[in-house]
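Count residues from 1 along the sequence. Below, each value reflects all heavy atoms present in this structure, side chains not excepted, and no hydrogens, waters or symmetry copies.
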Amino acid sequence: MMRNKAEYVQEWLEFHLLQGFDKFVIYNHMSTDGLAAVLGPYIRADLVELVDWPLDYAKLASPPFGPRLWTSDERRQAFETVFRDECLHVTDKWHMHGGCQRSAMLDGIARYRNRTEWLSIFDVDEFFFVPLKDGQTVKRLGEIRTVRDVLLDASDAYDHIKVPGRIFGTSGYMDTPPRPSPSLPSRLVTESYRFRRNHSDDRFYERFMLSTTYTEKSFAKAALVSGTVIHHFTFDDLPPEQQSQIRTHQRQDALLTMNHYQFLSHFGQSRKAKTNTNWGIDYWRPQDILFCELPDYSVGYLVPLVLDNMVRRRRAELARVEMERRAAGTALAAGNSDGGRQPLMLRKPMSKPAKTAASVYTKPRRTGFTQICVAFTHLDGEAHHLRRSVYSMLEYFKTVEPDIAFETVLVTPHKPAPGDAARPEIEYLSDLLPLLDHVQVMPANTPWPLVLDTATSLCSHAPYILYMEDMWEARFPTSLSLADYNRPGLANHRLLADAMDLLRHEPRVLEVWVGDTPSLPREYADTAGPWTTADYLQPVDRVASNRFWLERRLAEGGLIGGVLWEQLLNRYIHEQKVLREHGRLVLMEHGSNAVRGGGGSGGSGSGGGESGGQDQSGAAHLLLQAVGNTSNETAAETADDEKLYGTGEIASATRHGVERHTRLIHQLLGCTPTGQDCPSTRPWYRTHAATHTSAIGAFRLGGSLKHTAKLTRLNASWMRLAEMLETLDMAVLDEAMGRCAEAAGLVSAQFCLGDPALDRECRLDPDWAMDDATTGIMWRQRLILREDDDKILLHDRP
C-alpha cells in the first residue's frame, strides 16, 4: 500500500521489472499526487493492478479481481474485523493507516493465492537484487542474475525465502534531491543514497539504537501462505505436519539482497513520520549517522539500465499521446516533447550537474558586505558528512541568523565517488555546487594542512572565518521533527552574532568555539578559565531552558524522589516575577509538609539537589513572601500568592530551614539568589589559554569562528608548521598552532547557553541519547560505539 509516492514509483517498478517480476498489485491509499496517471502506462501494459483502498473493497471480491480464497473461516473473519475496525473506523492515533495496510496485505494474499507461484509484500523504498561478486563486471543484459533466476532455482528447495535488509540513511540530504533532468520525476533513489548501516554481528552500537536496525522481507509460495506479520509470511492454517515441512531459507548468506532506503532526507523523514503518525520513525541525527556508517553502491551496476528504461518508457508514452492527438486532429505541442533526449547507457558518465533552477536550496540574499566566510574543508569524512555539513549550515543561517551576510567556500582533495572509483566524488555531490560561492578541487594527494591553508586564503577578505570541517553538522530549530534541536530559549539564540561581539570586545580572544565542546579530555580542562558573562551579549531565556532540563530529568526519574517538581517549578517562575517586582525573598517552611533534612547535594546524576530522607507525602510547602517593597503589593497579588501557595498556620522557620529551601530551588538552577535576576540572562563564556603542559585548548582546528585580522598575528600556517615539524599528525600540529597563539598573546573562548552549575549543562556526555547541548550550534557527526567509550577524543557529540 502506498500514499503520495508518485515521484518514486516509476523507478521502483522499472527496477523490479528488470529483476523479472511479472505483476504488481498497488493499493492506493488516498493519494493526491497523480499516482494513477504515473501508473497509466504500466496499467495499460497489464503490469500493474491499481486498487483504490479501501474504496474498492466490495468489487475485489468478484471476477476479474477476485474471488478471495481463505484458508479458514477464522482467517476470513480476522480480515473483515481488521478492515472494519482498523481501516474504516480508525481509533488508533499511532500509525493510523496501519489497519488499512494490514487488511490490504490480507486481501492481496487471498486474491492471488492461486494466481501466482511466488508472492512478496514490500514497500516502495525496498529494492531486491543480486549483488555482483567481487571483481565481476556486466557487459550484457544476459549476464545479470535476477530475482526471477533465484526464485526459479530455489523453487524445488524452498517454500519461503527470508531476505534480510540493509537500511540506508539520508546520505546527508536535507530534502528531496534536485532532479538531474526534467524528463525524470526525481533523482534516482538507487543512485543517490549510497551509505548504510554496517550489519556485522560483531559491532557494539549504542543501546538506545539497537531496536531501530531491524528490516526483513520475504518471498513465499502463494498457495501455502495463511497470513503475514509484515516482515514475513505465516503458515498457521496448514496442518501441523505440513507446517513443520515448510522449507524456509533464512541464513545470513542470503540468496537475495534488499536495499531499504528508509531515510530519504532529514525533512522527508520527518514528513513521513507525521503523515504516517508514526513518530518512532522520525528523523534523529545520531540514528542517521548509524544508517550512514558504511558506503555501499553494490546496486550501481543496475542504475544506468533502470534510468534507460524509465526514459524509453516516457518517450513511448509521449509518442502514444501524440498519436492519439493527431488522430483527434490536433498536434502535440512541441513544448511537451523531451527534445529527443537520448537514454543513458551502461557505464556512460553522468550528465552535467543541474543549475540553481533545479535546486531545492537557494542561498539567502546578502545584505551589505560579507561578515562571515564559511570555510568547508573535506578532509576525513565521507560524502554524506560533507553534504550534511553544508545543508545544515545553510539552514541554520536561514532559520536562526538570516541577517548575517556570509559567503561559502569548499576546498576538497579529489576523491572517487562512493562505490564508483571511475567517477569523481564532486560529481556525486553535484547538488551542492549551485549552493556554494567557490569550490576548489585539489589533487588527490594534497595534505590536509594545505587544504586548510587554501580555505583560509580564499576567506581572507572576510572579517571572520567559520571553519567547518566535513564532520561538523549545524543544529537548527524546526517544527517538522520531534527529534530536532528545539530546546526552549536556546534553539533560536543567535550564537554567531554573540561570537562576533565577543571577538570585537575582547582583544585577546582569537576564536570562539561554536561547536560542541568536549569536557573530558584533560587538555581542555587544564586550559579553561572561570565562567563569566558580559553585558554586550544577547539575553537568553534561561527560565524556559531550565524548566525543560528539569522536566527531562524528572521524566528520567533522576530528581529528588517524593517531591512534586511541577509545583516547585511553577513556584520558581512565580518567585522570579515577585523578585523583579518587590525586591528580596524570604522562603519559609510550612510545618506539616517540611522537607526533612539530610541527603547533601547528591551525585552527578541527581541534578544537584538533596537525594536522601525526603518527605514522600507530597511537595515541600513553601511560603513565599516579598520583603522590602511589600507595601506596594496589591490585594489581588496577595490573593494570587495565597491561591498558589495556600494559607494556614506558618511554623516558626529556623535559619537552617530557610537556607535549606533556598538551596533546594536555586541549587537546581545553578545560581544563588542575591537580589539580582537569577539565573543570569546572558550567555556564559570562558577562555582557554595555553599552559606549560598543553596548548591544545588555545587553538581549535575546526568548529570555531576566528577573527581574521588576529589570525594573521600568528605568522604561521598549517603547511609551514607541518614542514617544520615533519609531521601531518593533527594533534601535534594543533598543539603547535596553540603555541603560536600563546606567543601572540591570544586565547580561545567557548560559550554556554545553559547554567554551568547544572548537571550536563556546559559539559557533554557523549553517550547521552538526547540532544540537549548548550555549548554550541553544531555537533560532530560521529557514531560512538560502546567499545569506544574510553577514547577521549570522541567526547563531543550529544
Side-chain angles (χ1 to χ4, degrees), residues 1-53 55-56 59-60 63-66 101 104-105 107-109 111-112 115-129 141 144 146-148 151 179 181-191 217 219 222 258-259 261 299 302-325 332 336-338 341 343-344:
M1 190 177 78
M2 64 179 64
R3 181 180 183 183
N4 291 338
K5 298 297 182 182
E7 63 179 319
Y8 301 113
V9 70
Q10 187 181 4
E11 176 190 0
W12 181 74
L13 288 170
E14 294 293 354
F15 185 95
H16 289 101
L17 287 172
L18 190 64
Q19 294 299 318
F21 283 60
D22 293 313
K23 186 88 171 187
F24 301 86
V25 182
I26 296 177
Y27 288 78
N28 174 26
H29 187 55
M30 300 183 291
S31 294
T32 57
D33 62 348
L35 176 65
V38 173
L39 294 176
Y42 303 93
I43 295 172
R44 286 188 288 272
D46 199 28
L47 297 172
V48 167
E49 177 188 288
L50 181 62
V51 176
D52 285 327
W53 194 254
L55 299 179
D56 290 343
K59 78 175 187 180
L60 295 180
F65 306 103
Q101 185 180 33
M105 292 176 178
D107 176 81
I109 292 172
R111 291 193 299 113
Y112 276 84
R115 297 165 65 183
T116 183
E117 180 180 3
W118 288 96
L119 177 71
S120 184
I121 300 174
F122 57 101
D123 298 326
V124 73
D125 58 0
E126 295 168 332
F127 292 74
F128 294 93
F129 70 105
L141 288 177
I144 296 177
T146 66
V147 172
R148 187 185 190 91
L151 295 179
R179 292 189 298 171
S181 167
S183 63
L184 296 175
S186 65
R187 186 170 178 176
L188 295 192
V189 168
T190 48
E191 190 275 335
K217 291 297 169 71
F219 292 81
M258 181 184 75
N259 283 2
Y261 299 100
V299 75
L302 296 168
V303 168
L305 300 175
V306 174
L307 181 59
D308 182 46
N309 287 347
M310 290 175 65
V311 173
R312 289 177 183 273
R313 197 175 299 274
R314 173 179 167 79
R315 295 179 65 197
E317 181 66 8
L318 288 173
R320 183 192 66 81
V321 172
E322 185 176 10
M323 290 179 63
E324 289 182 353
R325 291 192 181 186
L332 179 65
N336 290 337
S337 172
D338 66 348
R341 181 183 183 276
L344 293 179

Nearest 0.5 Å, please: how far is CZ in Phe128 from CG in Leu151?
10.0 Å

Kindly give the heavy-atom pair with the smallest separation between Val306 and Glu14, and that separation in Å.
CG1-CB, 4.1 Å

Between the side chain of Asp33 and the main-chain N/O of Ala6, is any donor-acceptor distance below 3.5 Å?
yes

Heavy-atom side-chain contact between Leu141 and Ile144 under 4.5 Å
yes

Answer yes or no: is there a side-chain heavy-atom contact under 4.5 Å between Asp107 and Val25?
no

d(Leu318 CG, Met323 CE) to nearest 0.5 Å is 13.0 Å

For a quick test of reading the model, state the closest non-hydrogen atom pair linking Phe65 to Lys59 and the distance between them.
CD1-O, 3.8 Å

Pairing of Arg148 and Asp22 as salt bridge, 4.0 angstrom limit:
yes

For side-chain contact (heavy atoms from CB on, under 4.5 Å), just list the numbers for Trp53 and Leu60, CA-CA rounded to whole Å, side-chain angles, deciding distance to a tenth of an Å, and then say yes or no.
CA-CA 10 Å; Trp53 194 254; Leu60 295 180; 3.7 Å; yes

Distance (rounded to the nearest 0.5 Å) between Leu302 CG and Phe129 CZ:
7.0 Å

What's the shortest heavy-atom distance between Val124 and Trp12, and which atoms?
O-CD1, 3.3 Å

Report the C-alpha distance between Tyr261 and Tyr8 in whole Å, list the side-chain angles of each, state the deciding distance to 0.1 Å, and finish with yes or no for ring-ring contact (aromatic ring centres under 6.0 Å, His included).
CA-CA 11 Å; Tyr261 299 100; Tyr8 301 113; over 10 Å; no

Looking at every non-hydrogen atom in both residues, tell me the closest pair between Thr146 and Leu18 and how far apart they are.
CG2-O, 3.6 Å

Are any of the side-chain nitrogens in Arg313 or Glu317 under 4.0 Å away from the carboxylate oxygens of its partner?
no

Close side-chain approach of Leu17 to Asn309, heavy-atom, < 4.5 Å:
no

Applying side-chain contact (heavy atoms from CB on, under 4.5 Å) to Tyr27 and Met105, what does each step give before you reach the verdict?
CA-CA 9 Å; Tyr27 288 78; Met105 292 176 178; over 6 Å; no

To the nearest 0.5 Å, what is the distance between NE2 on His29 and CG on Leu35?
13.0 Å

Distance check, rounded to the nearest 0.5 Å: Met310 atom CE versus Arg315 atom CZ?
14.5 Å

If every non-hydrogen atom of Glu11 is compared with every non-hydrogen atom of Val189, which pair is closest and at what distance?
OE1-N, 2.8 Å

I want to check something: taking the side chain as every heavy atom from C-beta on, are Ile26 and Met2 in contact at a cut-off of under 4.5 Å?
yes

Separation between CZ (Phe15) and CG (Leu188), nearest 0.5 Å, reads 10.5 Å

Does the side chain of His16 reach to within under 4.5 Å of the side chain of Phe24, using non-hydrogen atoms?
yes

Mind listing the closest non-hydrogen atom pair of Asn4 and Ser31 along with its distance?
N-OG, 2.9 Å

Can a salt bridge be assigned to the pair Lys217 and Asp123 using a cut-off of 4.0 Å between side-chain N and carboxylate O?
yes

Indicate yes or no: at least one non-hydrogen side-chain atom of Ile109 is less than 4.5 angstrom from one of Leu119.
yes

Do Asp46 and Lys23 meet the salt-bridge criterion of a basic N to acidic O distance under 4.0 Å?
yes

Between Leu47 and Leu13, is a side-chain contact (heavy atoms from CB on, under 4.5 Å) present by the stated rule, with each step listed?
CA-CA 9 Å; Leu47 297 172; Leu13 288 170; over 6 Å; no

Does the side chain of Leu39 come within less than 4.5 Å of Asn28's, by heavy atoms?
no

